[in-house]
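So the structure is just underneath, and the comments pick up after that.
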Number of protein chains: 2
Amino acid sequence: MKKATKTEIPRKTVYRLSVYLRCLHKLKSNRIVTVSSEALARAAGVKPTQLRKDLTYLGQFGVRGLGYDVEQLSQMITVHLGTNRLQPVILVGAGNLGNALLQYHGFEPEGFEIIAAFDQDPQRQRDKILRIPLHPMSKLPHIVQEFRVRMAILAVPAAAAQEVANALIDAGILGILNFAPIVPAVPEHVALNNVNLAIELENLSYFLQE
Amino acid sequence: MKKATKTEIPRKTVYRLSVYLRCLHKLKSNRIVTVSSEALARAAGVKPTQLRKDLTYLGQFGVRGLGYDVEQLSQMITVHLGTNRLQPVILVGAGNLGNALLQYHGFEPEGFEIIAAFDQDPQRQRDKILRIPLHPMSKLPHIVQEFRVRMAILAVPAAAAQEVANALIDAGILGILNFAPIVPAVPEHVALNNVNLAIELENLSYFLQE
DNA sequence: CGGTTTTAGTGGCTTTTTTCACAGTAATAA
DNA sequence: TTATTACTGTGAAAAAAGCCACTAAAACCG
């Protein structure tokens, strides 16, 4: 039984909305003010009908015969995704991948800011003078609380993933972006997204054997 | 109309098989020889019934009342995913993320080896003496051919993504793991997987606003 | 050896997601 | 003003994915 007022947006649609938003940013920076569902769909790598269907969850503001207003649409999506405010994020695990992510500046323009990093050994591998402080794990609860952090990036080895995840959850973290090669168990109320680069490659390789 | 002999494995199942494989590796390194669908499912973050269903695509070799043989199962999956041979992979774009991926040693144990990297400016940011050579883009076709490379990791800025993707495809690359924030258009025969860290974070953030 | 427990395999039901076909509306051209 | 063209919006059908209840087999225990 669905609410008539605001139907839940499907999981997959939410994901694609982010993709659309990214494409819209790109269009905007190219001074393009209007885009058709076909053009935007192609940019996002989906079918036009799917794009339109996805957008209907946000209401209707496309102009028939013309397309969508880039600015308006991207604002609409932004509002719905709740990305209008800058979100503080912490990162745990300053190994290979963790350091890489700290040096990666792709989050800020999208509304996320890594405000602190944590590691078992806070002396670890600081060859670059990073603007992001590296703390010992013990400081985690304090910082999470002080900055009201809700999301964490988990970039620790498999063996430590579950333990660290537990620590994050205890500290009040509500969403975990997991890079560890195992999937930590999390309670119902915690959102978990997994990214495993090896799996992506492997998956790819499956589809290219003809 | 399906072939009776070998039903196509669903996309999602293929993806999860990789996840299972990873969990099995973990179990194997812990000297565990047998695992139940329930235990493996929990490790992989799926439901036991789904795991079993997924495995039926490979045939049946679980032992009722006991579980699956870790070694046998992981070999079975490996064969099906076609990951038994070491796959050479190239990386394009030695910026922030590209360098990070080069320093990331998570691919080798999974059967992938980054054999070469490419960048517009091959002098770029080689603070670490990497064992992986960094070439100018002009050498791409030659190396792809010589090492029979089929997959590439694309880690260039959005503005260059399409152009570089085209170059990869022209050189004979069949699968692209794309980290650029736009989705390049690729012909039918080329497999494309997209990874966008900002999108993952954004997606996560959506699901934690109650 | 028989009963009990554990655990895989499966058919089909349910839900979710995608696709399609076409109705509807605005802009534009003539 | 009318016709034409270029789009979007959407209900319904189709496809895909997920889930559950149940069956069957093997192991284990006494």
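Proteins get letters first, then strands, A, B, ... in listed order; numbering begins at 1 in each.
- Remark: Phe179(A) CZ to Asn194(A) CG distance equals 10.0 Å, nearest 0.5 Å.
- Side chains of Glu200(B) and Tyr15(A): a donor-acceptor N/O pair is present below 3.5 angstrom, by distance only.
- Contact of the Ser18(A) side chain with the Leu81(A) side chain is registered, since non-hydrogen atoms from C-beta on lie closer than 4.5 Å.
- Here the CG atom belonging to Leu204(A) is positioned 6.0 Å from the CG atom belonging to Leu177(B), to the nearest 0.5 angstrom.
- One atom, CD1 of Ile9(A), and another, P of dT17(C), lie 12 Å apart when rounded to the nearest Å.
- Each of Lys12(A) and Thr56(A) was matched to the nucleotide of DNA chain D holding its nearest heavy atom; the match closer to the 5' end belongs to Thr56(A).
- Near DNA chain D, defined here as any heavy-atom distance below 4.0 Å, the residues from residues 61-76 of chain A are Phe61(A), Gly62(A), Val63(A), Arg64(A), Gly65(A), Gly67(A), Tyr68(A), listed numerically.
- Take Glu113(B) and apply the side chain to side chain donor-acceptor pair (under 3.5 Å) test, not counting sequence neighbours, and it matches no residue.
- Around the CD atom of Gln120(A), the shell of radius 6.0 Å holds no more than 12 heavy atoms that belong to other residues, nucleotides or ligands.
- For Tyr57(B) and dA8(C), the OH to C1' distance is 16 Å, given to the nearest whole Å.
- Going from atom CG of Leu51(B) over to atom P of dG9(C) covers 9 Å, rounded to whole Å.
- Remark: Asn203(B) CG to Leu17(A) CG distance equals 9.5 Å, nearest 0.5 Å.
- Residues from residues 13-38 of chain B that place a heavy atom under 4.0 Å from any atom of DNA chain D, listed by number: Arg16(B).
- When the side-chain nitrogen and oxygen atoms of Gln60(B) are compared with OP1 and OP2 of dA8(C), none of them lie within a distance under 4.0 Å.
- We find the CG-CG distance between Asp54(A) and Leu40(A) to be 10.5 Å, quoted to the nearest 0.5 Å.
- Per the geometry, CZ belonging to Arg42(B) stands 11 Å off P belonging to dT7(C), to the nearest Å.
- Residue-to-nucleotide proximity on DNA chain C shows that, of Gln50(A) and Lys53(B), the 5′-proximal contact is made by Lys53(B).
- Put simply, NZ on Lys47(A) is 13 Å from C1' on dT17(C), counting in whole angstrom units.
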Can I get a per-line list of side-chain donor-acceptor pairs under 3.5 Å for residues 61-75 of chain A, giving both atom names and the distance, sequence neighbours left out?
unit_1: Asp69(A); atom_1: OD1; unit_2: Glu71(A); atom_2: N; d: 3.1
unit_1: Asp69(A); atom_1: OD1; unit_2: Gln72(A); atom_2: N; d: 2.8
unit_1: Glu71(A); atom_1: OE1; unit_2: Lys28(A); atom_2: NZ; d: 3.3
unit_1: Glu71(A); atom_1: OE2; unit_2: Gln75(A); atom_2: NE2; d: 3.0
unit_1: Ser74(A); atom_1: OG; unit_2: Lys28(A); atom_2: NZ; d: 3.4
unit_1: Ser74(A); atom_1: OG; unit_2: Val70(A); atom_2: O; d: 3.3
unit_1: Ser74(A); atom_1: OG; unit_2: Glu71(A); atom_2: O; d: 3.1

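- Relative to the axis of its first five pairs, the axis of the last five pairs of the helix from dC1(C)-dG30(D) to dA30(C)-dT1(D) sits at 10°, rounded to 10 degrees.
- A donor-acceptor pair is defined here as one N or O able to donate and one able to accept, closer than 3.5 Å; such a pair exists between the side chain of Gln162(B) and the backbone of Ala185(B).
- Here Pro48(B) lies out of heavy-atom contact (under 4.0 Å) with every strand.
- Atoms CD1 and OH, on Ile114(B) and Tyr104(B) in that order, are 10.0 Å from each other to the nearest 0.5 Å.
- Residue-environment remark: CD (Glu108(A)) exceeds the threshold of 12 foreign heavy atoms within 6.0 Å.
- Taking every nucleotide of DNA chain D with any atom under 4.0 Å from a non-hydrogen atom of chain B, the first and last of them, 5' to 3', are dA17(D) to dA26(D).
- With respect to Ser37(B), the side chain to side chain donor-acceptor pair (under 3.5 Å) criterion is satisfied by exactly one of Arg42(B), Arg52(B), Gln50(B): Arg52(B).
- Atom OG1 of Thr49(A) and atom CD of Glu38(A) lie 11.0 Å apart (nearest 0.5 Å).
- Going from atom CZ of Arg52(B) over to atom C1' of dT6(C) covers 11 Å, rounded to whole Å.
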